[in-house]
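Hydrogens, waters and symmetry mates play no part in the numbers below; they use all other heavy atoms, side chains included.
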Amino acid sequence: MSLFTMDNVRKTFAHGEVKEEILKGINISLSQGKITALTGASGSGKSTLLTIAAGLQTASDGQISFEQQELTSMRSEELRQIRAKDFGFIFQFAHLVPFLTVQEQLDLMLDTAESPLSKQTQKKEIKQVLELVGMWKRKDAYPASLSGGEKQRVAVARAIIHSPKVLFADEPTASLDSKRSQEVMKLIQNLSKERHITVLMVTHDMDMLDFVDEVIEMRDGKIVDKKNT
Amino acid sequence: MKMAWKEMKKNKLRYTILGLIVFLISLLTFIISGLANGLSQDNASLIKNLPDGTFYLEEEADETYSFSSLSDQQQQEIAEEQPATAFFSIQMGNFIDSSDKQRSVAYVSASDSTYFQEVHSGEVILDASLEEEGIAVGDEITNEQWDQSLTVAGFVDQEKYSHSPAAFINPNDFQALFHTDTMQIAFIADSAIKNTDDAPVFKGLQAFSNNEFLNTIPSYSAEQMSLNMIVIFLLVISGMLFAIFFYMINVQKLGIYGILKAIGVKTGKLFQMMWAQMFIISVVSLILSISISQAFQLLAPNGMPFHLTWETTGLLSLVFVIIGFIGATLSGIQIKRVEPIQAIQQGEM
């Protein structure tokens, strides 16, 4: 059974009296523990689709379901709770909080997700995740002192610390060189397999498709191809 | 709270500057408030020391105590209805002390010793400020227009009127010195009113509450209004300062707020962070300015009318915190409006 589905999702933007349809009836089904990549040219609507799926903006029409819950009809507070507890986000840029250390970024995420773990267990979990992304030694560093690759690894750690069910990643390797990109993708792949996290990822980098289970290609707001890798 | 503190620690200079400005404004507010209070005491402690009650002046006196004259008959009628009424007169004047120095005083004579000093004939009780200027018990004071002298029998603390020390004298001496046999003012304390809940009404007399009576003192209301207006302006400025400062900080942080909202942080938590910062800055600044203003009270020259009570300090501090809270909250409306998607699309902060 699908964990996450999008059914006939449409998104229209109005520029004055001119209306532009960015998404034209999207149907997607994500299975648990699988990595799905959205590819396509710039302006094909893949990033808009990702942000709508993640509940960061609303669809103009269609239905989005997560664990049999209808997200499109939820109140904003209910949606926020799902974003905090069940979803994880990796953005194109790391977007770390500049006044928190690496360790505190994860602490904040656990706090936001209202983690049921005890403080002691949370500390252990933070250590384990930071070791997993190779950032434990830099746990007390502030974002300003981290390299681009390190920041993105912390962003990955922040996205999975609360064990989300779905991870949304918008070009997570766009700001990294090819070596770092491979590292981060390998990391996401391992985490997805170890923690059974479903991943929906936008990428324009064809080298990254080696790490995913399914590729969805988009063009002009429509899905034009779906294939398993 | 933890996030708020972490951010302040990371941006020490930014928040120190705000704290410093709040400290300076609050210190100035406390100092001006202390001066307003001090001048008020200097101007009217004789009246302010009386309990809550009602003052009566002759209606024809046009709210000016020196034009008021309560005849014996009027006094008798009032005393019959309200036996606890105190009648008193105030006369601005001067005397020459034993070192031939001329001193300005407010002569006060009262029919009652409950609220005013009881003085024997031929004696005078002076405000303690004159003791500090060298007058001692037993000194003789006189005046070129008097045919008698008065002996200083003692001193009392904080009894001033119209910026002059009070000199309590016996009604007989008052009559002899100022050639009048009437009293100017009647006063009934609320606690002493008989047979009625409200202040009694007497024909031909105008009633005043304590505050209304204080405002009949020449210069009192003008002096207090000017100083209180400055205090109000400073409080408003501090509120605007918080609003503008947090507005600027929030504009810079909209990206962070957007990302935090995207990952699920509650908008309320972001507001709490801002309020916590406002509260920490206010409390630290207020503790500093309260300490310095209280030290100033101890060290201020004797001649400076400065009086800052803990009650006034506490009230002003509370107003500062409330105004800071309102200012910060108004500026925080942007936090509520920021959309996560905007922050994500903006790129790295």
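Heavy-atom distances place both the backbone and the side chain of Met3(B) under 4.5 Å from chain A. Proximity to chain B (any heavy atom under 4.5 Å) is shown, for Phe87(A), by neither the backbone nor the side chain. In this structure, the portion of Glu104(A) lying under 4.5 Å from any heavy atom of chain B is its side chain and not its backbone. When heavy atoms are compared at a cutoff of 4.5 Å, Gln105(A) does not approach chain B at all. When heavy atoms are compared at a cutoff of 4.5 Å, Leu79(A) does not approach chain B at all.
Across every non-hydrogen atom of Ile161(A) and Ile126(A), the tightest pair is CD1-CA, 3.8 Å.
In this structure, Lys11(A) is positioned above the aromatic face of Phe13(A), its NZ or CZ under 6.0 Å from the six-membered ring centre and within 45° of the axis. Taking the ring centre of Trp5(B) as origin, the terminal cationic atom of Lys2(B) falls outside the region bounded by 6.0 Å and 45° from the ring axis.
Using non-hydrogen atoms only and a strict 4.5 Å limit, the part of residues 47-63 of chain A facing chain B consists of Thr51(A), Leu56(A), Gln57(A).
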Glu7(B) vs Lys253(B), salt bridge (charged side-chain N to carboxylate O under 4.0 Å, His left out): CA-CA, chis, key distance, verdict: CA-CA 11 Å; Glu7(B) 196 206 351; Lys253(B) 291 198 303 193; 2.7 Å; yes
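When the candidates Gln92(A), Met109(A), His162(A) are compared by the number of heavy-atom contacts under 4.5 Å with chain B, Met109(A) comes out ahead. In terms of non-hydrogen atom pairs under 4.5 Å with chain A, the most contact-rich of Lys269(B), Lys266(B), Glu339(B) is Lys266(B).
A salt bridge is absent between Asp107(A) and Lys123(A); no separation between the charged side-chain nitrogens and carboxylate oxygens falls under 4.0 Å.
Under a 3.5 Å cut-off, the side chain of Asn37(B) and the backbone N or O of Phe306(B) do not form any donor-acceptor pair.
Side-chain contact between Lys6(B) and Leu100(A) is present, with at least one heavy-atom pair separated by less than 4.5 Å.
Only one option out of Glu125(A), Arg158(A), Lys127(A) pairs with Leu106(A) in a side chain to side chain contact (heavy atoms under 4.5 Å, CB included); it is Arg158(A).
Taking the six-membered ring for Trp and the full ring otherwise, the centers of Phe271(B) and Trp275(B) sit less than 6.0 Å from each other.
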